[in-house]
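Before any comments, here is the structure.
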Amino acid sequence: MAKTLFQKVWEAHTVRKLPNGQTQLFIGTHLIHEVTSPQAFGMLRDLGLKVKFPQRTFATVDHIVPTNELKEPYSDPIAQEMIEALRKNTKDYGIRFFDTTTGTQGIVHMVGPEQGITQPGTTIACGDSHTATHGAFGAIAFGIGTTQVRDVLATQTLALSPLKVRRIEVNGKLAPGVYAKDVILHIIRVLGVNGGIGYAYEYAGTTFDGFSLEERMTVCNMSIEGGARCGYVNPDQKTFDYIKGKPFAPKAADWDAAVARWASFASDPGCQYDDVKPFKAEDIRPTVTWGITPGQAVFIDEKMPALETLNAADRQTAEDAYAHMKLAPNTPIKGTKVDVCFLGSCTNGRISDLREVAKYLKGRKVSPSVKAIVVPGSQLTAIQAVHEGLDKIYIEAGFEWRGAGCSMCLAMNPDKLVGDQLCASSSNRNFKGRQGSQTGRTVLMSPLMVAAAAITGVVSDAREVFKV
Amino acid sequence: MSLAQITQVKALALAVPGDDIDTDRIIPARFLRCVTFDGLGEHAFRDERTGPDGKERAHPMNSAQAARIAAAKQGVMVVGFNFGCGSSREHAPQSLWRFGFTAFVGGSFAEIFFGNSTTLGVPCLTLSKEDLAECDAFVRANPNVEVTVDVANLTVSAGAKSWKADIAASARDGLVNGKWDPIADLLEGADSVAKTAGGLAYVAGK
Ligand code: SF4
């Protein structure tokens, strides 16, 4: 019978059926970070349990690391305590830790792919909702809670119920200046922030075939913003090429077998989906959010919605959003004053993002009214960018060049908005207070759109600013 | 490990309206700077409850009703649709539970929030849109009437009213049988786990 990748991976990892009807699913790869793991280790100790497969658990530190002070102890004693707790836990239990001193630290969803830990046909779990990022490689990757982190540490399994699979098919070629970020913002806008509840999203079609792995990661990353717990792209030659040679990739003797195995996990032609949603790449334009959920978005050249055009439930959220954002319905978002520009995060903090923006940034200057920061998602990305001289282009243009981490994506470190500052951000969430100030405002967009806003000081169409 | 059988929760209720309430709103990120869940209860909905000027805002969580629930360490929160979306932080249900909420009734719940709550032994039941509106109105109009969240019989009732409720079968089963924390079951499967792991080349690094 023809099967989806989701079904094949699920079957290969099913341990048994649990008394309550759920599946005990083997989790081949467990990624942990400093925010959602300490309590899990605490529970493990309370129960007197060990880590079952320490060699299948990998740790990094990302959320609390300051990106402008590299020396410890950090000025925030709690941040210091959290990193030390992770050092102790990983040491006590024999877990590999990509620490800040190793040159390999970074946002957890960047470290897995960079190290070749993220592989097709595998199951991955992490106490972080953006774990779906790893689905770009054809893995089934779940964001989990802290008690589930404990479950995986203690048993390398989770109690889960299978998901339905929705194929999201995007065909065609994106117009210049339109990016993977616009694709996923558009999908969420159309299907809604809770449209994906109960589903895994399979992203497919010629647009995805043409995407690099980094572009696929940008899309899979934001599956959760559409309500889907995981999202994936079927593995292909690009996937295998990306993994080849990475530190944890299968070695020479095992490589061919691994590739054959990986390829076999791709969804079979003619398999049944629970739902299919088609999109045309040509219909997608640069997209920005105007509200407080990622689904409240418009094309840059559109007006924000008039309240009368919305149904009752959307209207209530929209009223709340307009009040928080200090924006007016039925007006263009283009031209809205911007105070801060943030380029980074596990959505768009990769080397291809930094390269693409740098291409256009040369010779341009950040508006004096804007604070612009660029935060590479990982140390390896930062090292590569410096090697290519990209840091100089950013600094020259007036960006602050920072160390690796989550930074202003959620502002658990010192990078925070102040008061009602408005931030043009390449991250994934525009929730109230997300960027560290209760009244702070976030407008999500692609990296190049962030750069355009930095230069003009207002929300802008990058295609015009950079003559794309 | 023996756990309580959670067949029903009977307690005072508080309506916290709105759809798509994300976990950043339930517990802002700065309170995630911690290595235990202790003390999270007092920060539930912190930035909704307190303005940037440090003054209390009008919010259901600042009401006398919320205070009664906090004192009783028992309460039902009546919410909207897609409650608990966004970040996977278990700190969100932990903070509400530590505040005093022992059950949720809403239109729908984000999956990770639902799972996190269930493993805490906190049932999340859903009602139809119409019934939820009625329940919400009832709770506001009758703050002294206890609401019964009946997990075993899948109803939510208060006074003379009763609404048909729903919850994933596996969660219901776990709650009513005192097996809402799956760890015991998961540990029991150790032999089968080894077998599954043995069949996966990548687990051995290949
Ligand atoms: S970059 Fe943002 S979304 Fe990604 S893991 Fe860090 S905090 Fe979460």
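Owing to the predicted nature of the structure, the values given are computational and were not obtained by experimental measurement.
- Listed options B/N177, B/T50, B/V193 were ranked by heavy-atom pairs under 4.5 angstrom with chain A; first place goes to B/V193.
- Contact count versus chain A (heavy atoms, under 4.5 Å) is highest, among B/H91, B/K179, B/R89, for B/H91.
- By number of non-hydrogen pairs under 4.5 angstrom with chain B, the leading residue of A/K251, A/E81, A/H63, A/M82 is A/M82.
- Heavy-atom pairs under 4.5 Å with chain B peak, among A/V149, A/V35, A/I117, at A/V35.
- Using modelled atom types, one finds a donor on one side chain and an acceptor on the other under 3.5 Å when comparing A/R429 with A/S129.
- Counting heavy-atom pairs closer than 4.5 Å to chain B, the top residue among A/K52, A/E34, A/Q55, A/K432 is A/K432.
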Check the pair A/R150 / B/D181 against salt bridge (charged side-chain N to carboxylate O under 4.0 Å, His left out), numbers first and verdict last. CA-CA 11 Å; A/R150 174 207 63 184; B/D181 184 334; 2.5 Å; yes
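- In terms of modelled atom types and a separation under 3.5 Å, the side chain of A/Q115 and the main chain of A/P247 share no donor-acceptor contact.
- Between B/D191 and B/K195 there is no salt bridge, since no side-chain nitrogen of the basic residue lies less than 4.0 Å from a carboxylate oxygen of the acidic one.
- With a 4.5 Å cut-off on non-hydrogen atoms, A/T293 touches chain B through its side chain but not through its backbone.
- Most heavy-atom pairs under 4.5 Å with chain A: of the set B/L187, B/D19, B/L120, this distinction falls to B/L187.
- With a threshold of 4.5 angstrom between heavy atoms, B/P52 approaches chain A through its backbone and through its side chain.
- Looking at A/T123, the atoms closer than 4.5 Å to chain B (heavy atoms on both sides) sit in the backbone and in the side chain alike.
- Within the 4.5 angstrom heavy-atom criterion, no atom of B/T23 approaches chain A.
- Looking at B/L200, only its side chain comes within 4.5 Å of chain A, counting heavy atoms on both sides.
- Interface remark: A/L163 contributes side-chain atoms only to the contact with chain B (heavy atom separation under 4.5 Å).
- Of the two parts of A/T147, the backbone and the side chain both hold a non-hydrogen atom closer than 4.5 Å to a non-hydrogen atom of chain B.
- Using a 4.5 Å cut-off between heavy atoms, A/S161 contacts chain B through its side chain alone, with no backbone atom that close.
- Between chain A and the options B/S88, B/A92, B/G115, the largest number of non-hydrogen pairs under 4.5 Å is found for B/S88.
- There is no side-chain donor-acceptor pair under 3.5 Å between B/Q8 and B/T148.
- If you measure heavy-atom distances from A/I64 to chain B, the contacts under 4.5 Å come from the side chain alone.
- Only the backbone of B/F109 comes within less than 4.5 Å of a heavy atom of chain A; no side-chain atom from C-beta onward does.
- The nearest pair of heavy atoms linking A/A313 to A/T317 is O-OG1, 3.2 Å.
- The residue among B/S108, B/S87, B/A168, B/G205 with the most heavy atom pairs within less than 4.5 Å of chain A is B/S87.
- For a residue to count as touching a neighbouring chain, one of its non-hydrogen atoms must lie under 4.5 Å from one of that chain's; by this rule A/D320 touches chain B with the side chain only.
- Most heavy-atom pairs under 4.5 Å with chain A, from the set B/A169, B/A110, B/A29, B/P17: that is B/A29.
- Only the side chain of A/D254 comes within contact range of chain B, with at least one heavy atom under 4.5 Å from a heavy atom of that chain.
- Contact annotation for B/R25: only side-chain heavy atoms (C-beta onward) come within less than 4.5 Å of a heavy atom of chain A.
- If you tally non-hydrogen atom pairs under 4.5 Å between each of A/A258, A/A159, A/G145 and chain B, the highest count goes to A/G145.
- Ion pairing of A/E319 with A/R315 is present here, as a side-chain N (NZ or NE/NH1/NH2) and a carboxylate O approach within less than 4.0 Å.
- Heavy atoms closer than 4.5 Å to chain A are found in both the backbone and the side chain of B/K206.
- Around the CD atom of A/Q316, the shell of radius 6.0 Å holds no more than 12 heavy atoms that belong to other residues, nucleotides or ligands.
- Heavy atoms closer than 4.5 Å to chain A are found in the side chain of B/N116, but not in its backbone.
- Interface summary for chain B: among A/R261, A/Q156, A/E225, the most heavy-atom pairs under 4.5 angstrom belong to A/R261.
- Between A/D76 and B/R30, none of the side-chain N atoms (NZ, or NE/NH1/NH2) sits under 4.0 Å from a carboxylate O, so this pair counts as no salt bridge.
- Most heavy-atom pairs under 4.5 Å with chain B, from the set A/P250, A/G21, A/G28: that is A/G28.
- Screening A/T14, A/T155, A/T157 against A/Q24 for a side-chain hydrogen bond (donor to acceptor under 3.5 Å, both in side chains) leaves a single residue, A/T157.
- Proximity to chain B (any heavy atom under 4.5 Å) is shown, for A/I197, by both the backbone and the side chain.
- No close placement of the B/F45 and B/F99 rings is indicated, their centers lying 6.0 Å or farther apart.
- Shown here is B/K73, whose NZ atom has more than 12 heavy atoms of other residues, nucleotides or ligands within 6.0 Å.
- Look at B/D166 and B/R172 and you find no salt bridge, because none of the NZ, NE, NH1 or NH2 atoms lies under 4.0 Å from a carboxylate O.
- Neither the backbone nor the side chain of A/M222 comes within contact range of chain B; no heavy atoms are under 4.5 Å apart.
- Both the backbone and the side chain of A/P19 come within contact range of chain B, with heavy atoms under 4.5 Å apart.
- Note: A/H13 and A/F26 have parallel aromatic rings, judged against thresholds of 30 and 60 degrees for the angle between ring planes.
- Within the 3.5 Å criterion, the main-chain N or O of B/P143 finds a donor-acceptor partner in the side chain of B/Q65.
- Sparse packing is recorded around NZ of B/K10, with 12 or fewer heavy atoms of other residues, nucleotides or ligands lying under 6.0 Å away.
- Of the residues A/L160, A/D128, A/I124, the one that meets the side-chain contact (heavy atoms from CB on, under 4.5 Å) test with A/F142 is A/L160.
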